[in-house]
Amino acid sequence: MDWINNFTGWQLALMGTGFTWLMTALGASLVFIYKKVNANTFSFMMSSAAGIMLASTFFSLLMPAMEMVQEYSYLILTAGFILGGALIIVTDIVINKLHMFSGNANKRSCAVMCIAVTMHNIPEGMAVGVAFGALASGQTVEAVAALMLAVGIGIQNFPEGMCVAFPLRANGISRGKSFLIGQLSGAVEIVAGVIGALAVTAVEGILPWALSFSAGAMLAVVCSELIPESFAQGKVKATIGVIFGFSLMMILDLAFG
């Protein structure tokens, strides 16, 4: 992992979010090959991503934040965590109140899905940027934890790319345009990641807030999006996926962190 020391925080964030965007693009690219997504594959990928992201919320974000703050840590971490979760909740409320394409329910559903995925990718990209920014600035975030956070979000982004591209194709949009819109939903993570990395590098004292904020946003995404979607296909398969993802993240963090 010594090669990581050759890069600045924003450069690492650019590479990390570049990977998460690439996974979105790969998911969207399946629109050129398949007509629909296999339900079992979709469920396992979403539940595995949920497990990885749940573990990342604690190991990669909250634990380092707790180690950085000595005084009033319970207030700082709780406030940041609540604000991060509130961002996702407010985003969901706003999206649900949109009345786009009211004359066509299918097109409205596609529009809402595109907006929802794009909006949720902003705090996810920021979480990756914050982790890599903290790593580059010599804080307590470990390289393996930051990398696995990016991997977890990338795994989640693969089916998200499909979730955007396939409904668009089903509504008569060409494969090329469906792919283009699908992969663009993940491009916002690159911008958010670089901003997050620059913020924690430039502003002293913001890192515990940023890490706890990202943890709250990540947990809200898992609870509002990944868990319901994966468990809708069956409890047993989804539970196995969550346990698998969490265990993978925990083993890697404890073994190499």
**Pair listing, side chain to side chain donor-acceptor pair (under 3.5 Å) test, anchored in residues 236-248, at least two apart** = Asn40-Lys237
Mind checking side-chain hydrogen bond (donor to acceptor under 3.5 Å, both in side chains) for [X] and listing every partner two or more places apart, or none if nothing turns up?
X	value
Thr20	Glu189
Lys177	none
Trp10	Thr8

Contact summary for [X] and [Y], nearest pair of heavy atoms:
X	Y	result
Ala13	Phe132	N-CB, 3.9 Å
Thr24	Gly182	CG2-O, 3.4 Å
Leu77	Ser212	O-CB, 3.5 Å
Phe44	Gly241	CE1-CA, 3.8 Å
Ser29	Leu26	OG-O, 2.5 Å
Ile76	Pro208	CG2-CB, 4.3 Å

Let me confirm one number: the [atom1]-[atom2] distance from [X] to [Y], rounded to the nearest 0.5 Å.
X	Y	atom1	atom2	result
Leu12	Thr17	CG	OG1	10.5 Å
Asn157	Phe19	CG	CZ	9.0 Å
Ile155	Ile52	CD1	CD1	3.5 Å
Leu147	Met15	CG	CE	9.5 Å
Met250	Leu54	CE	CG	12.0 Å

Does [X] have any side chain to side chain contact (heavy atoms under 4.5 Å, CB included) partners at least two apart in sequence or in another chain, and if so, which?
X	value
Ala215	Thr57, Leu61, Leu62, Phe81
Ala25	Trp21, Phe179, Gln183
Ala238	Ser43, Ser47, Ser230, Phe231

Say whether [X] and [Y] are linked into one hydrophobic cluster, either directly or through other cluster members, by side-chain heavy-atom distances under 4.5 angstrom.
X	Y	result
Leu14	Leu22	yes
Met126	Phe58	yes
Leu184	Leu30	no
Val188	Leu180	no
Phe7	Val151	yes

**Message:** Strictly by ring-ring contact (aromatic ring centres under 6.0 Å, His included), give each pair with a member in residues 211-230 just once, sequence neighbours left out.
**Reply:**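 Listed once each, the pairs would be none.
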**Request:** Kindly give the cluster partners of Ile82, where membership spreads through any ILVMFWY side chain lying under 4.5 Å from a current member.
**Result:**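 Under the 4.5 Å side-chain rule, Ile82 groups with nothing.
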